[in-house]
Amino acid sequence: MLNRILDTLKKDEGVFFEPADDRSLRFVSSMLASHRVPPIPNDYITLLKKTDGLVWNGIELYGSRANDREMQGYTLPGLIEANLEYANVQPMHGKLLLGRASEELFVYDSMDQQYHIIDRMDFTVSCSFPTFPEALYLFVDELF
């Protein structure tokens, strides 16, 4: 399912980055752990090994490192930077921030091992999914 989604986003002008390597993934995992942020789930690692971050239609998914978009004058944050921004926000404890779209955040909750779409202001859960591809599909289903 993930490959099909990514192929469709490529055709629809999604912005992809060089895939993350194992060394980068080990580094970001150790940095996140040192800040008591949950580990990156395996199905998100699968995404990062295909594209180390993704931007499409207002949706941003963070990679193992920040990615410059020089032409747009913007840098897509990496997982470390994005998660440190929310490190002291109580509702985010036990959650790994994976990305955002306008007023929503994409998180992986290590407590229930689910992916959640949550409100950026009050952190209420709007929907939950057992796998990352299912969560991503919610935002791209209009293309299928």
Do you know the tightest heavy-atom contact between [X] and [Y]?
X: Tyr62; Y: Pro77; answer: CD2-O, 3.2 Å
X: Leu48; Y: Gly53; answer: CD2-N, 4.1 Å
X: Lys95; Y: Asn83; answer: O-OD1, 4.1 Å
X: Ile80; Y: Leu32; answer: CA-CD2, 4.1 Å

Margin query: A quick test of your reading: do over 12 heavy atoms of other residues, nucleotides or ligands sit less than 6.0 Å from CZ of Phe27?
Written below: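 Open.
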Residues that [X] engages under side chain to side chain donor-acceptor pair (under 3.5 Å), provided they are two or more places apart:
X: Ser110; value: none
X: Glu60; value: Tyr74, Arg100
X: Asp7; value: none
X: Asn88; value: none

Any sub-3.5 Å donor-acceptor pair from [X]'s side-chain atoms to [Y]'s backbone N or O?
X: His93; Y: Val37; result: no
X: Ser64; Y: Leu25; result: no
X: Thr51; Y: Leu47; result: no

[atom2] on [Y] to [atom1] on [X], rounded to 0.5 Å:
X: Asp68; Y: Phe17; atom1: CG; atom2: CZ; answer: 9.0 Å
X: Leu96; Y: Tyr86; atom1: CG; atom2: OH; answer: 13.0 Å
X: Tyr108; Y: Phe129; atom1: OH; atom2: CZ; answer: 15.0 Å
X: Leu97; Y: Ile118; atom1: CG; atom2: CD1; answer: 7.5 Å
X: Glu18; Y: Arg65; atom1: CD; atom2: CZ; answer: 7.5 Å

Checklist line | Aromatic centroids of Phe139 and Phe106 separated by under 6.0 Å | finding: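 Between Phe139 and Phe106, which both carry aromatic rings, the centre distance is below 6.0 Å.
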Check: What residues, two or more places apart in sequence or in another chain, satisfy ring-ring contact (aromatic ring centres under 6.0 Å, His included) together with Phe132?
Finding: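 For Phe132, the residues satisfying ring-ring contact (aromatic ring centres under 6.0 Å, His included) (neighbours in sequence not counted) are Tyr44, Tyr115.
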With sequence neighbours excluded, tell me which residues meet side-chain contact (heavy atoms from CB on, under 4.5 Å) with [X].
X: Pro39; value: none
X: Asp122; value: Asp119, Thr124
X: Ala66; value: Thr75, Glu81
X: Pro130; value: Gln114, Glu134

Checklist line | Passing option when Leu54 is tested against Ile59, Ile5, Leu9, Asn67 for side-chain contact (heavy atoms from CB on, under 4.5 Å) | finding: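 Checked Ile59, Ile5, Leu9, Asn67 against Leu54; only one passes side-chain contact (heavy atoms from CB on, under 4.5 Å): Leu9.
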Note to self: Going by side-chain contact (heavy atoms from CB on, under 4.5 Å), Trp56 matches just one of Leu6, Asp12, Val15. Which one?
What the structure shows: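 The side-chain contact (heavy atoms from CB on, under 4.5 Å) with Trp56 is passed solely by Asp12 among Leu6, Asp12, Val15.
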Checklist line | Test salt bridge (Lys or Arg N to Asp or Glu O under 4.0 Å) applied to Asp22 - qualifying residues, sequence neighbours left out | finding: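 Counting only residues at least two positions away or on another chain, Asp22 forms a salt bridge (Lys or Arg N to Asp or Glu O under 4.0 Å) with Lys49.
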Margin query: List the residues meeting salt bridge (Lys or Arg N to Asp or Glu O under 4.0 Å) with Asp43, not counting sequence neighbours, and say none if there are none.
Written below: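 With neighbours one apart ignored, the set is empty.
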Notebook entry, point to check: Do any pairs count as a side chain to side chain donor-acceptor pair (under 3.5 Å) and have a residue in residues 23-35, sequence neighbours left out, and if so which ones?
Noted result: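 Non-adjacent pairs meeting side chain to side chain donor-acceptor pair (under 3.5 Å): Asp21-Ser24.
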Item checked: Stepwise side chain to side chain contact (heavy atoms under 4.5 Å, CB included) test for Met31 and Leu79 -> CA-CA 10 Å; Met31 289 299 294; Leu79 286 167; over 6 Å; no
Item checked: Chi angles and distances behind the side chain to side chain contact (heavy atoms under 4.5 Å, CB included) call for Met1, Leu136 -> CA-CA 10 Å; Met1 177 184 225; Leu136 182 57; over 6 Å; no
Checklist line | Step-by-step side chain to side chain contact (heavy atoms under 4.5 Å, CB included) determination, Thr8 to Val140 | finding: CA-CA 9 Å; Thr8 301; Val140 302; over 6 Å; no
